[in-house]
**Q** 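Just passing along the structure, written as structure tokens.
All figures in this text were calculated on a predicted structure; none of them were measured in a lab.
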Amino acid sequence: MPTQVHEFTWPDRVVVGTIGVPGERTFYLQVREGKQVVSIALEKQQSALLAEKIDEILDQLINLDGNPFSVPVGTPTELVDNDRLDSVEEQFRTGAMSLGWDPTTVQVVIEAYPLTEAEESDEPVDDDDVTEMLRVRMPVGTARAFAMRTREVVDAGRPICSDCGQPIDADGHTCTPPED
């Protein structure tokens with residue numbers, strides 16, 4: 001069966017957002033171009049790693065002689081997006097992801113694939129199992145804003161206990177402090 005590719009070449013919006021309360025949030029990568037909106041579920045750790053790696057790529061590009069791609073050091077204020085997610089209809093839960101750079105269009109490229117039964121059971125993944133994927137291309141300023149927002153969303157979770165280092169639930173927290 002051919003793979004259905006949800007491709008966004010110059011999206012109007014690309015963000016990570018959540019639904020639910022801290023401790024019970026579901027993370028979504030949502031992309032919109034015109035009337036087409038695709039939302040895929042991510043793990044919190046996938047979201048955090050994605051933001052970290054996008055910033056690493058952009059920081060490496062800044063250090064090229066003369067910054068030939070005009071990569072911004074910070075987030076351009078006109079690209080900051082603090083709006084809620086659009087209506088969410090989950091396309092798939094994300095398994096494998098890849099991140100790349102396209103110098104011909106000066107864009108960061110994200111590819112996300114659905115979590116497969118093989119991945120859930122730690123078996124090797126067969127390419128025939130992939131029935132759909134998401135490919136998003138972002139200009140450098142948008143990518144920088146995306147990474148900043150994603151870090152803020154990830155960090156907006158439950159506070160961390162200073163004794164045990166575990167998240168504190170809204171209904172309380174009992175811990176055993178580490179022994180010295």
**Q** Determine whether more than 12 heavy atoms belonging to other residues, nucleotides or ligands lie under 6.0 Å from atom CD of E52.
**A**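 More than 12 heavy atoms, drawn from other residues, nucleotides or ligands, come within 6.0 Å of this atom.
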
**Q** Salt bridge check: are R149 and E152 linked by an N-O gap of less than 4.0 Å?
**A**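 Salt bridge between R149 and E152, a charged N being under 4.0 Å from a carboxylate O: no.
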
**Q** With clusters defined by side-chain heavy atoms of hydrophobic residues (ILVMFWY) lying less than 4.5 Å apart, directly or transitively, does L134 cluster with L49?
**A**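 Shared cluster, no.
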
**Q** Mind jotting down which residue pairs meet the ring-ring contact (aromatic ring centres under 6.0 Å, His included) criterion with at least one end in residues 3-32? Sequence neighbours excluded, please.
**A**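 ring-ring contact (aromatic ring centres under 6.0 Å, His included) check on residues 3-32 returns no pairs.
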
**Q** How about CD on E89, more than 12 heavy atoms from neighbouring residues, nucleotides or ligands closer than 6.0 Å, or not?
**A**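 No, CD of E89 has 12 or fewer neighbouring heavy atoms, counting only those of other groups under 6.0 Å.
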
**Q** Taking the side chain as C-beta and beyond, is there a heavy-atom pair between R13 and V37 under 4.5 Å?
**A**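 A side-chain contact is absent here, since even the closest heavy-atom pair is not under 4.5 Å.
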
**Q** Check the hydrophobic clustering (I, L, V, M, F, W, Y; side-chain heavy atoms under 4.5 Å; chains of links allowed) and say if V109 and V16 are grouped together.
**A**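 Different clusters.
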
**Q** Taking ILVMFWY side chains as joined if any heavy atoms are under 4.5 angstrom apart, and letting links pass through other members, which residues group with V21?
**A**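 Traced through the cluster, V21 reaches no other member.
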
**Q** Tell me whether R93 is salt-bridged to E43, with the criterion being a basic N under 4.0 Å from an acidic carboxylate O.
**A**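 Looking at E43 together with R93, the answer is yes, because their closest N to O distance falls below 4.0 Å.
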
**Q** Name the residue from V153, T94, T18, T150 that meets the side-chain contact (heavy atoms from CB on, under 4.5 Å) definition with S47.
**A**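 So the option named by the test is T150.
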
**Q** Between D55 and R144, is the closest basic N to carboxylate O distance under 4.0 Å?
**A**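 Result for this pair is yes, salt bridge flagged.
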
**Q** Taking the side chain as C-beta and beyond, is there a heavy-atom pair between I57 and I54 under 4.5 Å?
**A**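 They are not in side-chain contact.
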
**Q** Would you kindly say whether S39 and E90 are connected by a side-chain donor-acceptor distance under 3.5 Å?
**A**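 No donor-acceptor contact under 3.5 Å links the two side chains.
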
**Q** Check each of L50, D81, V136, V108 against F146 using the side-chain contact (heavy atoms from CB on, under 4.5 Å) test, and report the only one that passes.
**A**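 Of all the options given, the one that passes is L50.
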
